[in-house]
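What follows is one structure encoded as C-alpha cells, with my remarks underneath.
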Amino acid sequence: MYTKKVMDHFTNPRNMGDMDNADGVGTVGNAKCGDIMRIYLKVENGIIEDCKFKTFGCGAAVATSSMATELVLGKTIEEALHVTNKAVMEALDGLPKAKVHCSLLAEEAIQAALWDYAQKHDITIEGLEPPKETDHHEEEEEDF
Amino acid sequence: MDKKIYLDYAATTPARQGVIDEMLPYFGEYYGNPSSIYEFAQHNKEAIDKSRDIIAEAIKAKAQEVFFVSGGTEADNWAIRGIAENYKSKGNHIITTKTEHHAVIHTCDFLKKNGYEVTYLEVDADGLVNIDDLKAAIKETTILVTIMYANNEIGTIQPIKEIGKICKENGVIFHTDAVQAFTHIPIDVNEMNIDLMSMSSHKIYGPKGIGALYVRKGIRLRALIHGGAQERNRRGGTENVPAIVGFGKAVEIALPELTEESKRLEKLRDYFIELVHEKVPYVKLNGHKTKRLPNNVNISFEFIEGESLLIMLDMKGVCASSGSACTSGSLDPSHVLLAIGLPHEIAHGSLRVTIGISTTKEELEYVADSLVTIVARLREMSPVYEDYINKEIESIIETKYNLEGVI
C-alpha cells in the first residue's frame, strides 16, 4: 500500500528527535484523528540550519514528517514556506488517497514551527499565517 | 522475511487440509447442479444435506432450521431486514448495541433511515451489555433484539442466555451474530432461546464465501435474495456446493476438539496478556478479562499509534490487526473501543492479536519480545510520549485506568 520511499522514511526516519534551544517549535494535529506532528527548527541568518521531528501517527505520518524535514533543511525561510504537501508527496513517490491528509499535516507542521520562530524573534514572515486547528480527514458521506 | 507468524485468526483462518480434501471433488467431479433431477446431481444435494445436518447438530437445532448463505454479513442482513419487514405490522422498534459488527450496525442504520426506530444499547467498560438496560429498552413496538454473541474486536462474550430469556419473556425475536463464537464456545440455541443466529465458515478453518443463518421454526422470514427454489424457497441462487461441503467438514473437525482447543487457547491467551503487561509499560487490556473469547487479545499501548505498530510487526513477520482509524480508513478509531469508553488516543494505539490452531507459546514469546523494541522505538518518536516524559501531560492509562503495566 505504501511506496518504497514511504517505507524507507518510515523505517529509517531522517532527523527524528527533539532539539534543545530550538528557535521554533510547531505542533499540529490532534489525538482524535490519530496524528500529531512536532517540528523543531534552528535558524541562522535566515537559513534553516537544523530541523528535527517527532510524530505520533501512522506510517504515512512518520514518512511525510521525515521527508518534510529533509526538504526544508538548508533552505531559506522563504524557500521552506514553499515546501507544500504536494512537494512532500512527490518526494515520497505518492501516498494512498486516504493518507493525503498526512502530507498536509507535515506542511502545516513546518509552517507552525516557522510561525513560532517568527513570534519568538519578533519578525514578520510574509505570506505566513498563524497555525489553526484543522482536520484534514474528509467526512465520508454514506448514503443508501 | 522468511518468518510468518499469523495472529489474525479473527479476520480469517486458513482452510484445514481435511476441509480442502473434502471440497476438491466438488469442483471437477461432482459439479452437477443440486436442483437437477438426474442422479449425478442428486449426490450434491445429499452432500449439502450432510453439511446442514452437521451444522444443525452443532448448535442443537433441526436441519430445516439451517440456511446456507454467502457468509456472516449476508446472514446478519437477512436476519435483521427480514424480521423488520415481516413483523412490521407488530412494530418498528429494534434493539442492538454500540459494539456490533458493521454488518449489524449498518443494517440497523439503514432501517433507521427507512422509518424504523433503533435503540443502540451502551456497554460497560468491559464491553458487556447491561441486562437492566435491555429490559428497560423493550417496549410494545419492539420486534427484534440483535446482540452479538462475542465481540470480534475485544472478545467480550455477552450474557446470551439471559438476553434470550428476557426476549422470550417479552415475546421479542432474538438474533445473535455468533460468527466469532461458533465452534469456539458451546452453543445451544434452545437453551439460550436464540431465534436467529449468524455463522461463518472462514472463521473456523473452512472456505470463504459461505455461512449459515439459523432460523427457529415458526419465525417468519421471507427471502432476501430472490431467485430459484433453493434453501426451501428462502435463498435463491445455485448452491456453492464445494464451500457448503467444506463448511460442514470444518464444523465436523472443530466440534470434538472444542473443549480441549479452547482450553489450550485460553492458556496461551492469558500467558501472552501477562507477558505483554510484564514487559511493556503503559498498556491496557481491552475487553472482559474472563468473559472473553479463548482466542482474543486486545491491548492498547499508550503514546503510540496502531498502524505504525502493525507495519513494524509485519516487518518482523507478524500478522495482526488494530482498531486505529488509519487501519479502518475512516476518521475515527474503532467504534467498539470508543463504546467501551476508551479515549481516542488510547483507542488509536490498540493491537488485536487473535490466536488459532497453529499458534505456539514460542511464537507469542517472540511477538512479546518484538513488541518491547517496537513500542520503545515508536515512543521514542512520539511527541505525546515526549510531553509525558517532560511532565506536561499525565498518562491516561495510569490515571484513568489506574494501571501501571499490571493487570
Test A:T55 against B:E305 for side chain to side chain contact (heavy atoms under 4.5 Å, CB included), laying out the working first. CA-CA 10 Å; A:T55 291; B:E305 194 275 333; over 6 Å; no
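- When heavy atoms are compared at a cutoff of 4.5 Å, A:T11 approaches chain B by way of both its backbone and its side chain.
- The local environment of CD in B:E392 is crowded, with over 12 non-hydrogen atoms from other residues, nucleotides or ligands closer than 6.0 Å.
- Heavy-atom minimum distance, B:H348 versus A:F56: CB-CZ, 4.3 Å.
- The most heavy-atom pairs under 4.5 Å with chain B, out of A:G17, A:G59, A:A60, A:S65, come from A:G59.
- The CE atom of A:M7 sits 5.5 Å away from atom CE of B:M315, with the distance rounded to the nearest 0.5 Å.
- With a 4.5 angstrom heavy-atom cutoff, B:F303 touches chain A only via backbone atoms.
- Once rounded to the nearest 0.5 Å, the distance linking NZ of A:K54 with CG of B:D387 reads 9.0 Å.
- Taking non-hydrogen atoms and a 4.5 Å limit, the residue list of residues 77-87 of chain B in contact with chain A is empty.
- When the shell of 6.0 Å around CD of A:E49 is examined, it contains more than 12 heavy atoms from other residues, nucleotides or ligands.
- Side chains of B:M381 and A:S66 form no contact here, defined as non-hydrogen atoms less than 4.5 Å apart.
- In the displayed structure, A:K86 atom NZ is contacted under 6.0 Å by at most 12 heavy atoms of other residues, nucleotides or ligands.
- A distance of 11.5 Å separates CD in B:E386 from CD1 in A:I36, rounded to the nearest 0.5 Å.
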